[in-house]
Structures are given as structure tokens and as C-alpha cells.
Amino acid sequence: MKRDIKTRGDIELLVTTFYDEIRFDPVIGHIFTRVIGANPEKYLHLMTNFWENTLFYTGSYTGNPIETHRRLNKIFPLRDEHFRRWVTLFTSTIDKLFEGQKALLAKQRASAISTIIKTKILQ
Ligand code: HEM
């Protein structure tokens, strides 16, 4: 039995493991390599705050992911397959590391938020 996501440290493990996989992905990795490159600290920090806030309502994230991805879409046109790949990788990273209520919630939120971002920016 794996454990559930409980602490900020768990979320840090989740986002760093996810980043270490997605940056080598053949479908989507190049976007991360080009935009984030060798300095992932800011991205990992924002992602940790985002997921901490999403799962534990800490108020630690105040950014605007829709705007961020709208900006990104102007540099790298994002397609449906990119979003599908993102969600698939995020889901498999969670399944590799965790199980439980928060792990399930994180997967559900990732899928729902992906649809929201996609709907808002791919028009
Ligand atoms: C097509 C799929 C996606 C790609 C290629 C992508 C790529 C990126 C990149 C390159 C950044 C850094 C942007 C920068 O520093 O300027 C970023 C930021 C971020 N992404 Fe994504 N992303 C995708 C989907 C998602 C999804 C589905 C979520 C949430 C469920 C998400 C959550 C975030 C968050 C929270 C940030 C930080 C936003 C901020 O406050 O600036 N991303 N993403």
C-alpha cells in the first residue's frame, strides 16, 4: 500500500518527479526544455504552491495559470494531444508514488483544470 499525499514535501516529490519525466517526453518535453530549461526552480516552486493550494486550500498560490498558458500558446501552439499527454504523465506520476483520497483528488483536479485551460485558450 502506497501512502497518500499529506505534506508539502510530498507535493515537492510529486512535482519534481513529474518534471523529471515530462522534460524527456517526445510529445511535450521540448516545450519544457525551451521555456524552463536548466532553471526549473521557479516552475517547481509555483507548481508546488499550486498543488498545495488545490489539495489543501492553503492560499499559497495566487497566480493565473490560464494567462500563463495563453502566453505559452503564443510561443508554442498547444494542441489537444499536449494536454492529453500532460494529464497522462501527471496521473502516472501520482500512481507511481501515492494512493489515497488526496491522490485521487489530484488526478481529478488535473484532468478538470486541463479541460478548463484548454477550453479557454484553444479557441
Ligand atoms: C499542454 C499542456 C501543458 C504544457 C505544455 C505546460 C507547460 C508549462 C510551462 C512551460 C510552464 C512555465 C511557464 C513560464 O514560466 O512562463 C507552465 C506553468 C504552469 N503550469 Fe503548465 N503546462 C501544461 C498544462 C498544465 C496543466 C493541465 C496544469 C494544471 C492542471 C498546469 C499547471 C501549471 C501551473 C500552475 C504553472 C505555473 C503558472 C504560473 O503561476 O505562472 N499546466 N506550464
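Read the numbers this way: they start at 1 and go in the same order the structure lists the ligands and their atoms.
Not one N or O on the side chain of Ser111 forms a donor-acceptor pair closer than 3.5 Å with the backbone of Lys107. In this structure, the side chain of His45 does not engage the main chain of Glu41 through any donor-acceptor pair within 3.5 Å. At distances below 3.5 Å, at least one donor-acceptor pair connects side-chain atoms of Asp4 with backbone N or O atoms of Ala103.
The CD1 atom of Ile121 sits 4.5 Å away from the CG atom of Asn73 when rounded to the nearest 0.5 Å. Asn49 CG to Thr62 OG1: the interatomic distance, rounded to the nearest 0.5 Å, is 8.0 Å.
Two residues are said to be in side-chain contact when any heavy atoms from C-beta on lie closer than 4.5 Å; Arg3 and Asp10 meet this criterion. The closest side-chain heavy-atom distance from Leu55 to Ile5 is below 4.5 Å.
Aromatic rings from Trp51 and Phe18 are positioned such that their centres are separated by 6.0 Å or more.
Shortest contact from atom 1 (C) of ligand 1 to any protein heavy atom: His82 CB, 3.4 Å. Scanning the protein for heavy atoms near atom 14 (C) of ligand 1, the closest one is Val35 CG1, 3.9 Å. In this structure, atom 41 (O) of ligand 1 lies nearest to the protein heavy atom Thr68 OG1, 2.8 Å. Looking only at heavy atoms of the protein, atom 3 (C) of ligand 1 is closest to Trp86 CD1, 3.4 Å. Nearest non-hydrogen protein atom to atom 9 (C) of ligand 1 is Leu72 CD2, 3.7 Å. Of the protein's non-hydrogen atoms, the one nearest atom 6 (C) of ligand 1 is Phe32 CZ, 3.5 Å. At the shortest separation from atom 16 (O) of ligand 1 among protein heavy atoms lies Arg71 NH1, 3.6 Å. Closest to atom 17 (C) of ligand 1, if we only count protein heavy atoms, is Tyr43 CE1, 3.5 Å.
Which parts of ligand 1 touch Ile113 is read off a 4.0 Å heavy-atom cut-off, strictly below it: atoms 29 (C), 30 (C). Each of the atoms 32 (C), 33 (C), 34 (C), 35 (C) of ligand 1 lies under 4.0 Å from some heavy atom of Met47.
Around atom CD of Gln101, no more than 12 heavy atoms belonging to other residues, nucleotides or ligands sit under 6.0 Å away.
Ligand 1 lies less than 4.0 angstrom from a heavy atom belonging to Tyr61. Taking a 4.0 Å cut-off on heavy atoms, Arg79 fails to register as neighbouring ligand 1.
Atom NE2 is the N, O or S atom of His69 at the shortest distance from atom 21 (Fe) of ligand 1.
Only side-chain heavy atoms of Phe50 come within less than 4.0 Å of ligand 1; its backbone N, CA, C and O stay farther off.
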